[in-house]
S.K.: 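Quick one: this structure, given as structure tokens, is what I'll be asking you about.
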2 protein chains.
Amino acid sequence: MTVIFSKKCEYGMQAILYLAAREKGTLVSADEISKVLKIPREFVSKILQSLRDSGLISSSKGKSGGFSLAKPASRIKLIDVVAAIDGLEMFDSCVLGFQECSPTHPCPVHNTWGPLRTQTYDMLTSETIDKLKEKTLHKISSL
Amino acid sequence: MTVIFSKKCEYGMQAILYLAAREKGTLVSADEISKVLKIPREFVSKILQSLRDSGLISSSKGKSGGFSLAKPASRIKLIDVVAAIDGLEMFDSCVLGFQECSPTHPCPVHNTWGPLRTQTYDMLTSETIDKLKEKTLHKISSL
DNA sequence: ATCAAATCAGATATTTTTATCTGATTAAAG
DNA sequence: CTTTAATCAGATAAAAATATCTGATTTGAT
């Protein structure tokens, strides 16, 4: 049973949205993120580390350390998080799992699937973390 | 890294499409399906068994036994295979992984994601195995 | 200086998915 | 009636995804 993105990726998107929503110059600890978003602490910690490695967020160690966005929220898109965690393979591999699936050797749903995939990609590319800030605040307040 | 459907589901869709394309009253063995579609024999065998349990295909044992569609290809849709194998949870769970995600407590991408998901669902619902028969034949001939 | 609170890296554990093995059963054909 | 080619059920194995543990390091505050 699949749900588009891996748990890691879902958590990563939640976390980075939370960072953007929560941000007022202060650093946010993995512990806080874990508690608010109900993600296992050590797991979200690893995910945050990988997002840092990808350059989307930055971290500082020691007491009162934590995480923050590495660049303006307006310059971070959902697709960046997907690319960093799940990769973009899903956007150019065959939905029916055929090895080669191209315009010259299309799978049976190649043409109907294509536009849907493109729309999905475009959506993830146009949604910046910044644009989603208000909605994230609302969502968080209901957790 | 996710690709929408599980391997099982991809293989299941390929196999049922193959059955429809291949069908001229004859039964098709798991071995043939495995070879043509390059799916591990015992694995596709299990998948075929589960599709039989779901009532989409039927099987007969013994020499010259094999599998065939359990009903007219025009009455089998891709969504039936997805429902049988991966389940339909992906069509009503939150794409960002939030526990509750509803119009009253929407996740940040609830409204942009909704239409895309609906379109995807509709596509899988309108594509019958029968309609995809010709395209499947073309695809098979290139394997 | 010591303590406390945090990240960090690497190892380990658990669960799920993917794949294979074993042997039983069935049924057509020689 | 024996052989052969197939499904079938259940167990097992291997790989990947998810989650946890351990202890080291960093850094601000007491």
Side-chain angles (χ1 to χ4, degrees), chain A residues 1-15 19 22 25-54 56-70 82 84-87 89-90 97, chain B residues 1-15 19 22 25-54 56-70 82 84-87 89-90 97:
Chain A
M1 165 168 0
T2 353
V3 310
I4 313 292
F5 302 118
S6 69
K7 279 257 166 264
K8 257 185 200 163
C9 192
E10 288 178 356
Y11 290 160
M13 291 190 285
Q14 288 187 23
L19 276 185
R22 173 77 177 55
T26 64
L27 296 176
V28 184
S29 72
D31 198 56
E32 173 180 338
I33 296 175
S34 164
K35 281 185 176 120
V36 174
L37 300 178
K38 302 182 182 73
I39 305 173
R41 191 188 179 296
E42 298 304 324
F43 195 37
V44 80
S45 180
K46 282 282 185 250
I47 294 166
L48 290 165
Q49 280 173 45
S50 88
L51 289 176
R52 172 211 53 188
D53 292 344
S54 305
L56 295 177
I57 66 181
S58 53
S59 67
S60 56
K61 299 170 78 172
K63 188 156 181 171
S64 79
F67 299 89
S68 61
L69 300 182
V82 174
I85 300 180
D86 278 350
E89 188 191 308
M90 61 172 295
Chain B
M1 168 170 356
T2 354
V3 311
I4 313 292
F5 302 119
S6 69
K7 277 258 169 263
K8 258 185 198 161
C9 193
E10 290 177 356
Y11 290 161
M13 292 189 285
Q14 288 188 22
L19 276 185
R22 174 77 176 55
T26 64
L27 297 175
V28 184
S29 72
D31 197 56
E32 174 180 338
I33 296 176
S34 163
K35 281 185 177 122
V36 175
L37 300 178
K38 302 182 182 75
I39 305 173
R41 192 189 178 295
E42 299 304 324
F43 195 37
V44 80
S45 182
K46 282 281 185 252
I47 294 167
L48 290 165
Q49 282 172 43
S50 88
L51 289 176
R52 171 211 54 186
D53 293 344
S54 304
L56 295 177
I57 67 180
S58 52
S59 66
S60 57
K61 299 170 79 172
K63 188 157 178 172
S64 80
F67 299 89
S68 61
L69 300 183
V82 175
I85 300 181
D86 278 350
E89 189 190 308
M90 60 173 295

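Predicted, not measured: the structure shown is a model, and the values here were computed from it. Naming convention: chains lettered A, B, ... in sequence-line order (proteins, then strands); numbering from 1 in each chain.
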S.K.: So if I take every side-chain heavy atom of Phe43(B) and compare against dT20(C), dT7(C), dT7(D), which nucleotide ends up nearest?
M.R.: dT20(C)
S.K.: By the 4.0 Å heavy-atom rule, please label Ser45(A) as base, sugar-phosphate, or nothing.
M.R.: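 Here Ser45(A) touches no strand at all.
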S.K.: Applying side chain to side chain contact (heavy atoms under 4.5 Å, CB included), run through Lys35(B) and Asp31(B) and close with a yes or a no.
M.R.: CA-CA 6 Å; Lys35(B) 281 185 177 122; Asp31(B) 197 56; 2.8 Å; yes
S.K.: With sequence neighbours left out, write down each residue that passes side-chain contact (heavy atoms from CB on, under 4.5 Å) with Lys8(B), or none if nothing qualifies.
M.R.: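 Partners of Lys8(B) by the side-chain contact (heavy atoms from CB on, under 4.5 Å) criterion, ordered by chain and then number, come out as Ser6(B), Phe43(B), Ile47(B), Ile85(B).
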S.K.: Counting only side-chain heavy atoms from C-beta out, which of dG28(D), dC8(D), dA19(C) sits nearest to Ser64(A)?
M.R.: dG28(D)
S.K.: When you measure from the side-chain N and O atoms of Ser59(A) to the phosphate of dC8(C), is any distance below 4.0 Å, counting only OP1 and OP2?
M.R.: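 It does, given that an N or O in the side chain of Ser59(A) lies less than 4.0 Å from OP1 or OP2 of dC8(C).
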S.K.: For Gly62(B) and for Pro40(A), find the nucleotide of DNA chain D with the closest heavy atom, then tell me which residue's nucleotide is more 5'.
M.R.: Gly62(B)
S.K.: Please report the end-to-end axis angle for the helix from dA1(C)-dT30(D) to dG30(C)-dC1(D), five pairs per end, rounded to 10 degrees.
M.R.: 10°
S.K.: Taking the side chain as everything from C-beta on, heavy atoms only, tell me whether Leu37(A) gets closer than 4.5 Å to Val44(A).
M.R.: no
S.K.: So, does Ser59(A) use its side chain to make a donor-acceptor pair with the main chain of Gly66(A) at under 3.5 Å?
M.R.: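 Not confirmed, Ser59(A) side chain does not pair with Gly66(A) backbone.
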S.K.: State the CZ-CD1 distance between Phe67(A) and Ile57(A), to the nearest 0.5 angstrom.
M.R.: 5.5 Å
S.K.: Rounding to a whole Å, what distance do you find between Leu27(A):CG and dA5(C):P?
M.R.: 17 Å
S.K.: Report the distance from atom CD1 of Ile39(B) to atom P of dA19(C), rounded to the nearest whole Å.
M.R.: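 Atom-to-atom, Ile39(B) to dA19(C), this comes out as 9 Å.
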S.K.: Kindly indicate whether the side chain of Cys9(B), heavy atoms from C-beta on, has any atom under 4.5 Å from the side chain of Met13(B).
M.R.: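 Yes; the side chains approach each other to less than 4.5 Å.
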S.K.: Counting only side-chain heavy atoms from C-beta out, which of dT7(C), dT18(C), dT18(D) sits nearest to Arg41(A)?
M.R.: dT7(C)
S.K.: Ser60(A) or Lys8(A): which one's nearest nucleotide on DNA chain D is closer to the 5' end?
M.R.: Lys8(A)
S.K.: dA9(C), OP1 or OP2 - any side-chain N/O from Gln49(A) closer than 4.0 Å?
M.R.: yes
S.K.: For the pair Ser34(A) (side chain) and Ile39(A) (backbone), establish whether a donor and an acceptor sit closer than 3.5 Å, ignoring hydrogens and angles.
M.R.: yes
S.K.: Can you tell me how far C1' of dT18(D) sits from NZ of Lys7(A), to the nearest Å?
M.R.: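 So the NZ-C1' distance, Lys7(A) to dT18(D), works out to 10 Å.
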S.K.: Whole angstrom is fine here: how far is it from NZ in Lys61(A) over to P in dG28(D)?
M.R.: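 Atom-to-atom, Lys61(A) to dG28(D), this comes out as 12 Å.
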S.K.: How many angstroms lie between atom CZ of Arg41(B) and atom NZ of Lys46(B), to the nearest 0.5 angstrom?
M.R.: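 Here the rounded value is 11.0 Å.
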S.K.: What nucleotide, of dA19(C), dA6(D), dC8(C), holds the atom closest to the side chain of Arg52(A)?
M.R.: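 Of all the options, the side chain of Arg52(A) is nearest to dC8(C).
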S.K.: In whole angstrom, what separates Asp86(B)'s CG from dT17(C)'s P?
M.R.: 9 Å
S.K.: Counting only side-chain heavy atoms from C-beta out, which of dG28(D), dA6(D), dA19(C) sits nearest to Tyr11(B)?
M.R.: dA19(C)
S.K.: Could you tell me the separation between the CG atom of Leu48(A) and the P atom of dT20(D), rounded to a whole number of Å?
M.R.: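 Rounding to the nearest Å, CG of Leu48(A) and P of dT20(D) are 15 Å apart.
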S.K.: With DNA chain C as reference, determine whether Asp53(A) or Gly65(A) sits nearer its 5' end, using the nearest nucleotide of each.
M.R.: Gly65(A)
S.K.: When you measure from the side chain of Ser54(B) to the backbone N and O of Ser50(B), does any donor-acceptor pair fall under 3.5 Å?
M.R.: yes
S.K.: Grab the CD1-C1' distance between Ile33(B) and dT7(D) for me, whole Å please.
M.R.: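 Nearest whole value for this atom pair: 12 Å.
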S.K.: Taking all non-hydrogen atoms of both residues, which atom of Phe5(B) and which atom of Asp86(B) are closest, and how far apart?
M.R.: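 Residues Phe5(B) and Asp86(B), closest heavy atoms: CA-OD2, 3.5 Å.
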S.K.: Would you tabulate the nitrogen or oxygen pairs shorter than 3.5 Å linking the protein to nucleotides 10-14 of chain D?
M.R.:
{"from": "dG10(D)", "atom 1": "N7", "to": "Lys46(B)", "atom 2": "NZ", "distance (Å)": "3.2"}
{"from": "dG10(D)", "atom 1": "O6", "to": "Lys46(B)", "atom 2": "NZ", "distance (Å)": "2.9"}

S.K.: Write down the distance between NZ (Lys63(A)) and C1' (dA4(C)), rounded to a whole number of angstrom.
M.R.: 4 Å
